[in-house]
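Below: one structure in structure tokens.
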There are 4 protein chains.
Amino acid sequence: MKITFIGLGNMGAPMARNLLKAGHGLVVYDLVPAAVAALVGAGASAAKSIKEAAARAELLITMLPSSPHVKSAYFGADGVLAGIAPGVSLVDSSTIDPQTAREVASAAAAHGNPMADAPVSGGTGGAAAGTLTFMVGATAELFERIEPVLALMGKNIVHCGASGNGQVAKICNNLLLAISMIGVSEAMNLGASLGIDPKVLAGIINTSSGRCWSSDTYNPYPGVMESVPAARGYTGGFGADLMLKDLGLALDAAKHARQPVVLGAVAQQLYQMFSARCAGAEDFSAIIKLYMQRKFQ
Amino acid sequence: MKITFIGLGNMGAPMARNLLKAGHGLVVYDLVPAAVAALVGAGASAAKSIKEAAARAELLITMLPSSPHVKSAYFGADGVLAGIAPGVSLVDSSTIDPQTAREVASAAAAHGNPMADAPVSGGTGGAAAGTLTFMVGATAELFERIEPVLALMGKNIVHCGASGNGQVAKICNNLLLAISMIGVSEAMNLGASLGIDPKVLAGIINTSSGRCWSSDTYNPYPGVMESVPAARGYTGGFGADLMLKDLGLALDAAKHARQPVVLGAVAQQLYQMFSARCAGAEDFSAIIKLYMQRKFQ
Amino acid sequence: MKITFIGLGNMGAPMARNLLKAGHGLVVYDLVPAAVAALVGAGASAAKSIKEAAARAELLITMLPSSPHVKSAYFGADGVLAGIAPGVSLVDSSTIDPQTAREVASAAAAHGNPMADAPVSGGTGGAAAGTLTFMVGATAELFERIEPVLALMGKNIVHCGASGNGQVAKICNNLLLAISMIGVSEAMNLGASLGIDPKVLAGIINTSSGRCWSSDTYNPYPGVMESVPAARGYTGGFGADLMLKDLGLALDAAKHARQPVVLGAVAQQLYQMFSARCAGAEDFSAIIKLYMQRKFQ
Amino acid sequence: MKITFIGLGNMGAPMARNLLKAGHGLVVYDLVPAAVAALVGAGASAAKSIKEAAARAELLITMLPSSPHVKSAYFGADGVLAGIAPGVSLVDSSTIDPQTAREVASAAAAHGNPMADAPVSGGTGGAAAGTLTFMVGATAELFERIEPVLALMGKNIVHCGASGNGQVAKICNNLLLAISMIGVSEAMNLGASLGIDPKVLAGIINTSSGRCWSSDTYNPYPGVMESVPAARGYTGGFGADLMLKDLGLALDAAKHARQPVVLGAVAQQLYQMFSARCAGAEDFSAIIKLYMQRKFQ
């Protein structure tokens with residue numbers, strides 16, 4: 001199948017390479033010439049515009065940074081809907097707000113193109129290794145059609161229900177993740193300050209009702225686990241500023257739905273404070289620095 | 001061995017019964033005559049005062065509601081230290097603040113009595129079944145001595161380090177538990193409001209980075225899991241007012257240690273609001289009612 | 001001078017009437033025919049489109065509900081910039097986010113039209129009485145030109161600096177107002193629960209360092225003041241849902257500026273909770289109901 | 001009248017001096033010999049114990065750092081109630097929790113001694129100048145009797161109702177003050193980040209509904225006002241750690257009364273974070289440093 005892939009950034013480029021490796025014909029587009037050139041070197045064919053890339057697609061996938069980029073890529077005069085043939089399936093793997101995802105899918109459907117939102121988790125490592133998780137919002141029929149392709153780039157392809165639900169699943173999970181990570185940070189820092197050995201405390205929590213991924217798989221307290229960002233100065237991993245972006249999406253969605261998310265709102269503010277005071281480029285588990293003893297300059 | 005057990009409430013009574021069943025001689029004391037009578041009917045011997053109960057002990061265990069009760073039981077003119085023979089080991093299984101636990105243990109040590117703090121988790125069900133978890137703060141020597149006795153009442157006996165650390169472990173775990181439970185409530189309510197099926201959302205979270213005990217073992221959203229309080233109108237389980245008490249201990253300990261616990265403080269206030277507006281006697285997972293659509297009267 | 005007024009809602013209609021009373025020629029436009037008819041009955045002339053209304057203006061004023069409305073009114077194919085003559089001054093009195101205000105003003109300037117943002121406070125009562133406060137973001141020159149016209153609708157016309165600063169002033173003031181109102185609610189409810197007479201407590205606060213407008217002019221505790229919403233069942237005044245909207249603008253602006261607003265975020269969530277659980281149409285001081293003793297249904 | 005004054009710290013010493021200046025005979029006690037010597041040099045007579053100081057009193061005043069000090073001073077074997085003659089009036093000007101204030105007053109009443117709680121505001125400057133505000137919890141009869149003496153040390157002597165209400169008034173005011181100060185910090189920092197001149201913003205707030213003492217009398221943003229701590233590097237004034245102590249009292253009282261104080265709890269945590277990360281000895285308006293651009297070390 002001839003697949004068009006638009007958006008060749010840190011995530012998109014390795015995802016596209018996995019499609020090439022599987023033997024698919026690939027048309028690519030990106031604003032950055034070097035990103036395009038690298039994929040062309042690996043066997044892809046370059047398009048001069050999104051419209052042209054779309055016109056050549058039997059399946060089209062986008063991986064873009066934010067809602068405005070997605071709207072512009074699909075709705076622009078030189079965009080996807082201007083070039084795509086009716087009937088071709090569309091997949092947007094960007095992480096954006098569910099409202100926009102549904103608005104774009106609805107316009108695509110009106111144009112004759114079934115569209116899925118399919119944001120991912122797993123980071124650049126998972127993108128390279130082809131082990132991403134895809135959270136997919138689509139009709140059952142469309143999900144069935146795209147699943148084999150997504151399975152070339154990920155190992156868990158989860159159908160979350162109708163259009164937009166992929167985004168809903170992702171932002172709800174990450175909302176809870178941010179809250180849990182700060183909760184673990186508070187509990188670990190408090191316990192250590194009160195005199196318990198952090199490894200002992202983590203061991204107890206991990207076999208008790210406080211157990212969570214942020215504690216048993218990604219503990220933020222230095223020295224508790226190996227092979228996590230806390231063991232290497234909070235480098236690598238999932239950047240705090242990316243978490244801040246996802247919290248922004250979750251809080252916007254909650255405002256839109258008129259639902260309270262009290263701890264989520266405080267979590268967003270603490271990540272905002274961390275980003276301004278510490279280093280937003282560090283892994284999101286570095287939020288524990290807000291709690292451990294350090295002075296302002 | 002002749003064991004003295006003081007405090008025969010909802011937790012203490014079934015714990016004491018498990019010691020009797022194991023064949024130990026048991027001296028008991030409680031302010032409530034009926035509670036004493038029930039244990040005497042099962043084979044225990046009643047003491048007329050804490051002092052007398054202490055005087056007859058080869059090992060002494062207390063299970064009391066709060067710090068003032070513990071201080072009064074140990075330091076009162078008619079209390080434990082007034083009656084106990086030097087050398088007899090002491091175990092306090094009450095959940096209290098670490099400072100008080102350390103103060104009492106220190107006074108006991110000065111009196112010649114090694115003392116452990118050993119708060120439990122597992123609830124009244126675990127107390128009856130003998131499957132409690134004990135979090136023990138004690139010297140290695142004392143831990144070794146009391147572990148076989150605690151093992152008659154529980155199945156996980158964890159050494160958390162020196163005096164007070166049992167309490168530290170328990171309040172840090174429960175601090176994180178409260179935060180996680182509210183986090184799950186916010187994520188589940190938000191997701192459902194945005195249109196995803198709650199069971200599908202829970203399934204995704206439980207295999208992703210938002211995974212936690214409050215989501216995969218004790219989900220608060222009605223209809224997601226069977227055999228949890230949410231499936232039976234939030235009856236049974238761990239009462240919201242007990243969680244509120246434990247949050248109070250954690251926040252006091254944080255104030256004492258001069259450490260921030262921002263999400264923990266908000267969690268405490270939300271449980272306080274829930275207790276006043278809804279029903280503090282309901283299971284603590286009913287906190288999700290603050291988020292789901294209901295109106296004030 | 002011939003003035004065009006677009007947006008004849010609860011605020012816009014009485015503002016427009018005050019311009020008519022002052023003897024100005026008035027061209028009006030609104031989507032609701034009855035709103036237009038009422039002004040025509042008072043002496044205004046109706047335009048069939050925003051474009052036509054703009055084409056007839058010597059000065060143009062808009063009063064619209066939100067950012068998307070403002071963008072559409074100015075940028076639409078049938079909108080202000082499509083019809084307006086270069087050189088005519090523009091005033092937007094809508095309360096919107098500063099980024100959008102600056103974007104629209106910038107496009108207007110490129111078109112040859114100096115533009116001011118001039119959101120108001122004072123409510124529908126102030127609009128009718130002509131006693132509004134205008135917070136104006138504009139060049140000094142433009143401010144001088146429009147001030148006499150604004151003075152026909154308000155009594156305080158404040159120059160806040162360059163474009164967008166009128167919006168900044170308004171949302172920062174209202175952010176602080178929401179925080180203060182909740183702070184007063186917490187302090188008054190706590191004090192009353194601890195046994196002090198609410199009037200006595202308010203009297204002390206109002207002559208001490210806790211003094212604020214929410215306490216000394218608009219106290220939310222029933223029975224403390226006369227002629228405030230708390231004295232009439234929280235009717236009239238500034239609706240809680242309008243405060244929720246303004247908090248949304250403030251939090252969005254803070255996200256855009258990457259600045260933390262921790263209490264502001266919690267205030268937004270509490271108003272969101274209030275809106276869902278109680279009655280968003282009530283005055284914003286009714287937030288105290290979250291604190292006083294009431295049960296969920 | 002012969003007055004006994006116990007507690008000659010930063011507040012107590014200048015208060016006691018004002019009684020001497022007014023011509024009263026003064027018996028003093030403090031644990032610090034130099035503090036006693038300074039007062040003796042000014043004409044006071046030293047007592048060797050609290051008990052002896054109490055025995056010589058016709059009116060007794062205490063000014064101590066915290067609840068445990070107050071309980072120990074009144075209830076100790078060598079304390080006030082052990083020495084005082086029945087009928088002598090007692091005044092405690094310490095800032096402590098209302099529960100303890102009521103407990104001590106109740107024990108004093110049982111001993112035949114009417115007792116008032118009379119915490120102050122106004123700081124060391126007000127103590128020296130005799131311009132303190134006294135918030136008094138006492139019967140009307142006792143208030144009438146002690147008012148002339150308190151008026152020698154302060155200029156506002158406010159009767160807050162029955163025993164404990166002086167403390168209630170003080171902690172409720174300071175709870176609101178802390179929330180307002182952080183609210184002003186968030187609003188000022190946000191506004192400045194969005195481009196408005198801080199002086200202009202403060203001017204608008206101070207004539208609008210955001211108006212409060214923290215903005216119009218004690219603005220925390222550097223450069224907005226003269227003669228405030230923000231104008232002199234946050235030196236002098238009311239230390240952040242003292243505000244943290246008062247927030248601790250307010251939150252404890254709220255826990256005791258089972259009332260939520262959500263913004264108050266977050267304010268406490270932010271002051272705790274500030275105290276650990278910045279400098280708790282700085283004026284409490286320095287909390288704005290958590291918001292303005294500074295990096296961790």
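Being a predicted model, the structure only gives us computed values, none of them experimental. All values below were derived from every heavy atom in this structure, side-chain atoms included, with hydrogens, water molecules and symmetry-related copies excluded. To find a chain, count down the sequence lines: A is the first, B the second, and so on, and within it residues start at 1.
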Does any backbone or side-chain atom of B:S209 lie under 4.5 Å from a heavy atom of chain A? Answer side chain, backbone, both or neither. both
Proximity breakdown for B:L194 and chain A, heavy-atom pairs closer than 4.5 Å: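 Both backbone and side chain.
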Geometric class of the B:W213/B:F284 ring pair [parallel <30°, tilted 30-60°, perpendicular >60°]: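 The rings of B:F284 and B:W213 lie parallel, inter-plane angle below 30°.
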Under the 3.5 angstrom rule, does the side chain of B:S94 hit a backbone N or O of B:S66 as a donor-acceptor pair?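 Absent.
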Side chain from CB out, backbone as N, CA, C, O: work out which of these in A:V184 comes under 4.5 Å of a heavy atom of chain B, or both, or neither.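 For A:V184, heavy atoms of backbone and side chain both lie under 4.5 Å from chain B.
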If contact means a heavy atom pair closer than 4.5 Å, which residues of residues 260-269 of chain B contact chain A?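 Residues of residues 260-269 of chain B touching chain A at under 4.5 Å: B:P260, B:V261, B:V262, B:L263, B:G264, B:V266, B:A267.
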Pairwise distance CG(B:L177) to SG(B:C212) - rounded to 0.5 angstrom: 9.0 Å
When heavy-atom pairs shorter than 4.5 Å are enumerated against chain A, which of B:G122, B:G203, B:C160 gives the highest number? B:C160
Chain A interface, residue from B:V200, B:T207, B:L190 that has the most non-hydrogen pairs under 4.5 Å: B:L190
Run the numbers on B:M153 and B:L150 for side-chain contact (heavy atoms from CB on, under 4.5 Å), then give the verdict. CA-CA 5 Å; B:M153 302 180 283; B:L150 301 183; 3.9 Å; yes
Answer whether the closest heavy-atom distance between the side chains of A:L201 and B:V168 falls below 4.5 Å.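 When only atoms from C-beta onward are counted, B:V168 and A:L201 do not touch, as no gap falls below 4.5 Å.
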Most chain A-contacting option - heavy-atom pairs closer than 4.5 Å, from B:C172, B:A254, B:S215: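 Greatest number of close heavy-atom pairs with chain A: B:C172.
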Contact origin within A:M188 toward chain B - heavy atom pairs under 4.5 Å: neither
Side-chain contact, heavy-atom cut-off 4.5 Å: B:F274 with B:L244? no
With salt bridge (Lys or Arg N to Asp or Glu O under 4.0 Å) as the rule and sequence neighbours excluded, what pairs involving residues 183-212 of chain B come up?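 Residue pairs passing salt bridge (Lys or Arg N to Asp or Glu O under 4.0 Å), neighbours aside: A:D216-B:R211.
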Are there residues of residues 217-231 of chain B that reach to under 4.5 Å of chain A by heavy atoms, and which ones?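 Listed by number, the contacting residues are B:T217.
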Main-chain N/O of A:G239 paired to A:D283 side chain as donor or acceptor, under 3.5 Å: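 Absent.
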Select one option (side chain, backbone, both, neither) describing which atoms of B:I196 are under 4.5 Å from chain A's heavy atoms.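 Both the backbone and the side chain of B:I196 come within 4.5 Å of chain A.
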Looking only at atom types and distance, does a side-chain atom of A:K170 sit under 3.5 Å from a main-chain N or O of A:V120, one as donor and one as acceptor? yes
Just to verify, what does A:S208 make a side chain to side chain contact (heavy atoms under 4.5 Å, CB included) with, not counting sequence neighbours?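 Expected list: A:I204, B:N173.
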Chain A contact via B:M135 - side chain, backbone, both or neither, heavy atoms under 4.5 Å: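 The side chain, not the backbone.
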Is there a donor-acceptor pair closer than 3.5 Å between any side-chain N or O of A:N189 and the backbone N or O of A:S185?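 No, because the side chain of A:N189 does not come within donor-acceptor range (under 3.5 Å) of the backbone of A:S185.
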